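I have placed the structure first, in the form of structure tokens, so that the comments after it can refer back to it.
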Amino acid sequence: MKKILTISLIFSLIVITSFIKNSTKKIDEELFSLKENISDLNLELNNVKLEFDYLSSPEKLISYQNLYFENKLTQKSINEIEIIDLTKEKILTNNVKIIDSEK
């Protein structure tokens, strides 16, 4: 009787240990995946912040225009902007529709 009890105790401990090991392995995999996602998102956030900081002000854009493009860029009205559609071997242009978000 004592042998059976000891064997069953050892067997149950082995089963419990294997269950715990598998559970922690799954949790570790999920943690690794989440950390990778967070690092990717942090990198993207840093890139967007950098872009925003350097391109958000009109003064910066004008200084970049003067520095890199000299007088090659011209100001256009929003009504002059068109969408180019290259389908069926034809070039079609459509005006951009402006949606007023303040209404």
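Computed from a prediction, not measured in an experiment: that's the story for all the values here.
In this structure a side-chain-to-backbone donor-acceptor pair under 3.5 Å is missing from S33 to E29.
Separating the CG atom in L31 from the OG1 atom in T24 is a distance of 11.0 Å, to the nearest 0.5 Å. Put simply, CG on N22 and OG1 on T17 are 11.0 Å apart, with the number rounded to the nearest 0.5 Å. Atoms CD and CD1, from E36 and I38 in turn, are 10.0 Å apart once rounded to the nearest 0.5 Å. Atoms OG and CG, from S18 and L13 in turn, are 11.5 Å apart once rounded to the nearest 0.5 Å.
Across N47, L41, D40, a single residue satisfies side chain to side chain contact (heavy atoms under 4.5 Å, CB included) together with L43, and that is N47.
Hydrophobic side-chain contacts under 4.5 Å tie V48 to no other Ile, Leu, Val, Met, Phe, Trp or Tyr residue.
No more than 12 heavy atoms of other residues, nucleotides or ligands lie within 6.0 Å of CD1 in I4, so this atom counts as exposed by the packing criterion.
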